[in-house]
A.B. asks: 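Input: one structure, supplied below.
Note that these values count all heavy atoms, side chains included, but never hydrogens, waters or copies made by symmetry. Bear in mind that the values here come from a model prediction, so they are computed numbers and not experimental data.
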Amino acid sequence: MNTSIKISSDALNLQECYDFVSNPSCGGIAVFVGTVRNATQNKSVTQLDFSTYKPMAIKEMQKIADIALEKFPIKKIAIHHAEGILQIEDIPVIITVSSPHRKAAFDACQYAIDTLKETVPIWKKEYFEDGEVWVNAHP
């Protein structure tokens with residue numbers, strides 16, 4: 001198995017993703033960790049709420065991983081996303097990719113996060129001290 005796809009209401013585990021892609025034939029592991037920041041659009045964010053249409057989101061995340069494996073000379077890829085309420089500095093997304101050479105790992109990692117934000121049915125609600133707003137799913 002060359003892919004690890006997960007949506008979880010539990011805290012995501014960077015070590016789990018790293019360990020999954022680690023491979024003795026690979027000289028590069030690229031990692032993207034998205035974190036909840038405390039401000040957006042000149043407003044102070046208090047927390048985020050991620051909602052998913054889980055069956056379709058898992059399917060789309062698997063499709064991204066499969067395409068990355070075809071498109072780039074990579075060995076393994078993990079794409080994990082959180083759902084539910086997350087606090088400032090919590091981790092909503094982790095993507096790890098291993099390849100024999102670093103460029104493919106970086107390129108596949110960037111492809112995965114960009115495509116995830118464009119195509120996967122995961123919605124984000126930002127909470128502020130004075131209200132909340134659903135955020136467009138696209139970057």
A.B. asks: Taking all non-hydrogen atoms of both residues, which atom of C17 and which atom of T96 are closest, and how far apart?
C.D. replies: O-OG1, 3.0 Å
A.B. asks: For the residue pair R37 and V45, what are the closest heavy atoms and their distance?
C.D. replies: O-CB, 3.7 Å
A.B. asks: Report the relative orientation of the aromatic rings in H81 and F50; use parallel for angles under 30°, tilted for 30 to 60°, perpendicular for over 60°.
C.D. replies: perpendicular
A.B. asks: Treating K54 as the side-chain partner and I7 as the backbone partner, does any N or O pair qualify as donor plus acceptor under 3.5 Å?
C.D. replies: yes
A.B. asks: State, with a plain yes or no, whether a side-chain heavy atom of Y127 is found less than 4.5 Å away from one of D49.
C.D. replies: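 Side chain of Y127 against side chain of D49, heavy atoms only: contact under 4.5 Å found.
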A.B. asks: Can you see which heavy atom on I79 is nearest to which on I64, and at what distance?
C.D. replies: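 Between these two residues, the closest heavy atoms are CD1-CG2, 3.9 Å.
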A.B. asks: Would you check if V31 and L14 make a side-chain contact, meaning some heavy-atom pair closer than 4.5 Å?
C.D. replies: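 Answer yes - side chains close enough.
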A.B. asks: Has the side chain of S22 got a donor or acceptor atom that lies under 3.5 Å from a matching backbone atom of Y18?
C.D. replies: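 Checked: no pair found.
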A.B. asks: If you take all heavy atoms of I88 and N38, which pair is closest and at what distance?
C.D. replies: CD1-CA, 3.6 Å
A.B. asks: Quick one: do I94 and M1 end up in the same hydrophobic cluster if we chain Ile, Leu, Val, Met, Phe, Trp and Tyr together by side-chain heavy atoms under 4.5 Å apart?
C.D. replies: yes
A.B. asks: Would you call W134 and S51 a side-chain contact if the rule is heavy atoms closer than 4.5 Å?
C.D. replies: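 Yes, close enough: below the 4.5 Å cut-off.
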A.B. asks: Measure the spacing between OG1 of T119 and CG of D114 and express it to the nearest 0.5 Å.
C.D. replies: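 Nearest 0.5 Å value for the OG1-CG distance: 10.5 Å.
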A.B. asks: Answer yes or no: are there more than 12 heavy-atom neighbours, outside K103 itself, under 6.0 Å from its atom NZ?
C.D. replies: no
A.B. asks: With side chain to side chain contact (heavy atoms under 4.5 Å, CB included) as the criterion, how do I113 and T115 come out once you've worked through the C-alpha distance, each side chain's angles and the decisive distance to 0.1 Å?
C.D. replies: CA-CA 5 Å; I113 188 59; T115 307; over 6 Å; no
A.B. asks: Are L86 and M61 connected, step by step, through hydrophobic side chains (Ile, Leu, Val, Met, Phe, Trp, Tyr) whose heavy atoms are closer than 4.5 Å?
C.D. replies: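 In one cluster with L86: M61, yes.
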A.B. asks: Do E16 and K6 meet the salt-bridge criterion of a basic N to acidic O distance under 4.0 Å?
C.D. replies: yes
A.B. asks: What's the shortest heavy-atom distance between S99 and A104, and which atoms?
C.D. replies: OG-CB, 3.9 Å
A.B. asks: Looking at every non-hydrogen atom in both residues, tell me the closest pair between A82 and I91 and how far apart they are.
C.D. replies: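 Looking at all heavy atoms of both residues, the closest pair is CB-O, 3.8 Å.
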A.B. asks: Is the shortest heavy-atom distance from the side chain of I122 to the side chain of K117 under 4.5 Å?
C.D. replies: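 The answer is no, as the side chains (C-beta and beyond) never meet within the 4.5 Å cut-off.
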A.B. asks: Do F32 and Y111 share a hydrophobic cluster (ILVMFWY, side-chain heavy atoms under 4.5 Å, transitive)?
C.D. replies: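 Result: yes, single cluster for both.
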A.B. asks: Please check if any side-chain donor atom of S9 sits under 3.5 Å from a side-chain acceptor atom of E83, or the reverse.
C.D. replies: no
A.B. asks: Is there a path of hydrophobic side-chain contacts, each under 4.5 Å between heavy atoms of I/L/V/M/F/W/Y residues, joining L116 to V36?
C.D. replies: yes
A.B. asks: H80 and S8: side-chain donor and acceptor closer than 3.5 Å?
C.D. replies: no
A.B. asks: Would you verify whether the NZ or CZ of K76 falls within 45 degrees of the ring axis of F20 while also being under 6.0 Å from that six-membered ring's centre?
C.D. replies: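 Judged by the rule (NZ or CZ under 6.0 Å from the ring centre, within 45° of its axis), K76 counts as positioned above F20.
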A.B. asks: Answer yes when D130 and K43 have at least one side-chain N-carboxylate O distance shorter than 4.0 Å, and no when they do not.
C.D. replies: yes
A.B. asks: Could you tell me if the side chain of T46 sits less than 4.5 Å from the side chain of E129, heavy atoms only?
C.D. replies: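 Yes, close enough: below the 4.5 Å cut-off.
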A.B. asks: Does a donor on one side chain sit under 3.5 Å from an acceptor on the other, for T3 and Q62?
C.D. replies: yes
A.B. asks: Is a side-chain N or O of S98 found less than 3.5 angstrom from the main chain of V21, in a donor-acceptor match?
C.D. replies: yes
A.B. asks: Does Q110, at its CD atom, have more than 12 non-hydrogen atoms belonging to other residues, nucleotides or ligands within less than 6.0 Å?
C.D. replies: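 No, not enclosed.
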A.B. asks: Report yes if the side chains of V97 and I95 come closer than 4.5 Å at any heavy-atom pair, otherwise no.
C.D. replies: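 A side-chain contact under 4.5 Å exists here.
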A.B. asks: If you round to the nearest 0.5 Å, how far is CD1 of I77 from SG of C109?
C.D. replies: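 Rounded to the nearest 0.5 Å, the SG-CD1 separation comes out at 7.0 Å.
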A.B. asks: Test L48 against I85 for side chain to side chain contact (heavy atoms under 4.5 Å, CB included), laying out the working first.
C.D. replies: CA-CA 6 Å; L48 298 180; I85 301 287; over 6 Å; no
A.B. asks: Contact between V133 and F128 at the side-chain level, heavy atoms closer than 4.5 Å - yes or no?
C.D. replies: yes
A.B. asks: Establish whether V33 and I5 are linked, either directly or via other cluster members, by ILVMFWY side-chain heavy-atom contacts under 4.5 Å.
C.D. replies: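 Different hydrophobic clusters.
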